[in-house]
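Heads up, the thing below is written out as structure tokens.
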Amino acid sequence: MLDPKLLRNQLDDVAANLSKRGFTLDLENYQRLEQERKIVQVECEKLQQESKARAKSIGKAKASGEDIAPLLAEVGNLKQSLSESESALSALQSEMDDFVLGIPNLLADGVPEGKNEDDNVEVSLWGEPRKFDFEVKDHVDLGAGVGGLDFDSAVKITGSRFNVMTGGVARLHRALGQFMLNTHTLEHGYNEISVPFVVNRDSLFGTGQLPKFEEDLFKLNDEREFYLIPTAEVPVTNMMRDVIVNEADLPVKYTCLTSCFRSEAGSYGRDTRGMIRQHQFEKVELVQFVKPQDSDQALDTLTGHAEAILQKLDLPYRKVILCGGDVGFSSQKTFDLEVWLPSQDKYREISSCSNFASFQTRRMKARFRNSETGKPELLHTLNGSGLAVGRTLVAILENYQQEDGSIAIPSVLQPYMGGVTQLEAKS
RNA sequence: GGUGGGGUGGCAGAGUGGUCGAAUGCGGCGGUCUUGAAAACCGUUGAGUGUUAAAGCUCCUAGGGUUCGAAUCCCUACCCCACCGCCA
């Protein structure tokens, strides 16, 4: 959530910034609420002060053996108006909360103008899409060809948008996750962490999925209101909820391999074939907690860590910066990495790296103690996929396919595959 | 699943319904002493909101309730600990 002070003091600037997202801030409504809130709050605090003072004097009178009956009589009306004032204030405050929680993060400088993903701007290009001298297949046919991808069984077991992997493909999938984790822990300085795949509402609130995006989530039928995680970002970032860390311990960097669960409500008909868009997929996540002045730089290095995986796998990709209209609700700036998919003849998202600044940490009270001032300050959070494992598997199958339908194994993965150099096509 | 005991400041741990944002100890910070350090002694030390600064207000797991007044009493939820049972 945004800093309430910013709304109070620089409302027009905020509105102008948000308009680049296509978000219209309801200034009138805000000003009405804020004005009313101030009046009611002042009055309410006055009444609280008054009633505390009365209660104390009653206590004193009683202690010294005086008759307290007249004092009690005086206090009668006060009690009534205090409780009225308190409920008026809390009603206003919750209205204000709803309003503020519905406002997306401010965009960082340098985020390009634009309405949707078509307006995202390419920043860089790496590698060169391979020229095939035979007809390319997509990952669905390739996976079936090596006998390792079985969507029919997944439909039988569960339904659409799930998958079953067996044999060499299952192993390749596992190898990818291991390879990514090892790279991030051993070469990029991340701390590996294993977390629950089920989270409570507070956690989803902290990272910004709730209250606004509930329909994207799988909710468990349990009175505790548990949800399946849509990304490791949720449990990992919430590690710091209600925590004040020492400045000397920063930055804190976690990497985490989890399954991710998304309802994909509203994406009917998109990417229905294959495993590009699934209800359940694996992802290696990178999460960083940094000091505010470090987060700009950290976004670049974090994105670089995700890029390193693509480079080691020798997969062509491009890096784009999302335009204002496409940046996620909680993010102030996002780079997407898009991998080349020969069957689609285009680049497809495989990683999304974002700087959330203090948007999440303000919600979850994740702070560090400034060693100079001794005061707690909000951390900045960043995260990025490093990478989406399922989509990486798709990219490997398609980019490493051979004419006979077999799949070459990238050399960095071979140690994880027991030295296997290719997945053979079944005849 | 059953029974009992708990959730208080960075930690430990007091707190007869009234002057408690909360004793005390440890830890942290500052100082005295010392060539330096330790020890000892003195002082200081929660978070948020608000303000030029203050005052004020909120917060003793969370949400309700009783009361002029709740950390303290009642209800509910969550979590933790112990023992018993069950499962592995």
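Letters A, B, ... mirror the listed sequences (proteins, then strands); counts begin at 1.
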With the threshold set at 4.0 Å, does a side-chain nitrogen-carboxylate oxygen contact exist between [X] and [Y]?
| X | Y | value |
| --- | --- | --- |
| A:K20 | A:E113 | no |
| A:E43 | A:K46 | no |
| A:K312 | A:E187 | yes |
| A:R273 | A:D141 | yes |
| A:R32 | A:E95 | yes |

Can you tell me if [X] and [Y] form a side-chain donor-acceptor pair at under 3.5 Å?
| X | Y | result |
| --- | --- | --- |
| A:N105 | A:S330 | no |
| A:Y317 | A:Q311 | yes |
| A:E45 | A:Q41 | yes |

Protein N or O to nucleotides 18-20 of chain B N or O, pairs below 3.5 Å:
from: B:G18; atom 1: O6; to: A:K62; atom 2: NZ; distance (Å): 3.2
from: B:G18; atom 1: N2; to: A:A55; atom 2: O; distance (Å): 2.7

Tell me: [atom1] of [X] to [atom2] of [N], nearest whole Å?
| X | N | atom1 | atom2 | answer |
| --- | --- | --- | --- | --- |
| A:E247 | B:G10 | CD | P | 19 Å |
| A:L82 | B:U58 | CG | C1' | 13 Å |
| A:F226 | B:A77 | CZ | P | 15 Å |
| A:K52 | B:G21 | NZ | P | 6 Å |
| A:R201 | B:A62 | CZ | P | 19 Å |
| A:E34 | B:G50 | CD | C1' | 13 Å |
| A:K79 | B:G65 | NZ | P | 11 Å |
| A:Q41 | B:U51 | CD | C1' | 13 Å |

Original post:
With pairs taken as Watson-Crick or G-U wobble and both distances under 3.5 angstrom, which stems of at least three consecutive pairs involve RNA chain B?
Top reply: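 Counting only runs of 3 or more consecutive pairs, the stems involving RNA chain B are B:1-7 with B:78-84, B:10-12 with B:24-26, B:27-32 with B:40-45, B:46-49 with B:56-59, B:61-65 with B:73-77.
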
Original post:
Taking OP1 and OP2 of B:A62, is either one under 4.0 Å from a side-chain nitrogen or oxygen of A:R224?
Top reply: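 So the side chain of A:R224 is outside the cut-off, no N or O lying under 4.0 Å from OP1 or OP2 of B:A62.
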
Subject >> Phosphate OP1/OP2 of B:C29: any A:R369 side-chain N/O under 4.0 Å >> reply: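 For B:C29, neither OP1 nor OP2 has a side-chain N or O of A:R369 closer than 4.0 Å.
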
Inter-nucleotide [atom1] distance ([N], [M]), Å rounded:
| N | M | atom1 | answer |
| --- | --- | --- | --- |
| B:C79 | B:G30 | C1' | 39 Å |
| B:U19 | B:G69 | C1' | 12 Å |
| B:C20 | B:C84 | C1' | 41 Å |
| B:C80 | B:U8 | C1' | 15 Å |
| B:G27 | B:C87 | P | 50 Å |
| B:G28 | B:C11 | C1' | 11 Å |
| B:U24 | B:A77 | C1' | 33 Å |
| B:A47 | B:U66 | P | 34 Å |

Original post:
Mapping A:E86 and A:R367 onto RNA chain B by nearest heavy atom, which one lands closer to the 5' end?
Top reply: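 Final value for this comparison: A:R367.
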
Original post:
If you find the nucleotide of RNA chain B closest to A:E45 and the one closest to A:K375, which residue's nucleotide is nearer the 5' end?
Top reply: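 The residue closer to the strand's 5' end, by nearest nucleotide, is A:K375.
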
Original post:
Taking the inter-plane angle between the rings of A:F162 and A:H279 on a 0 to 90° scale, is it parallel (under 30°), tilted (30 to 60°) or perpendicular (over 60°)?
Top reply: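 Geometry flag for A:H279 against A:F162: tilted rings.
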
**OP:** Determine the interplanar angle of the A:H188 and A:H305 rings, folded into 0 to 90°, and report it as parallel if under 30°, tilted if 30 to 60°, perpendicular if over 60°.
**Re:**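 The arrangement is parallel - the two ring planes meet at less than 30°.
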
Subject >> Minimum side-chain heavy-atom gap A:K253-A:N191 below 4.5 Å >> reply: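 No, too far: nothing below the 4.5 Å cut-off.
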
**OP:** Just call it for A:R8: base, sugar-phosphate, or nothing, with non-hydrogen atoms closer than 4.0 Å on any strand.
**Re:**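 Result for A:R8 = sugar-phosphate.
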
Original post:
Touch check for A:K5, heavy atoms < 4.0 angstrom, all strands: base, sugar-phosphate only, or nothing?
Top reply: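 Here A:K5 touches the backbone only, sparing every base.
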
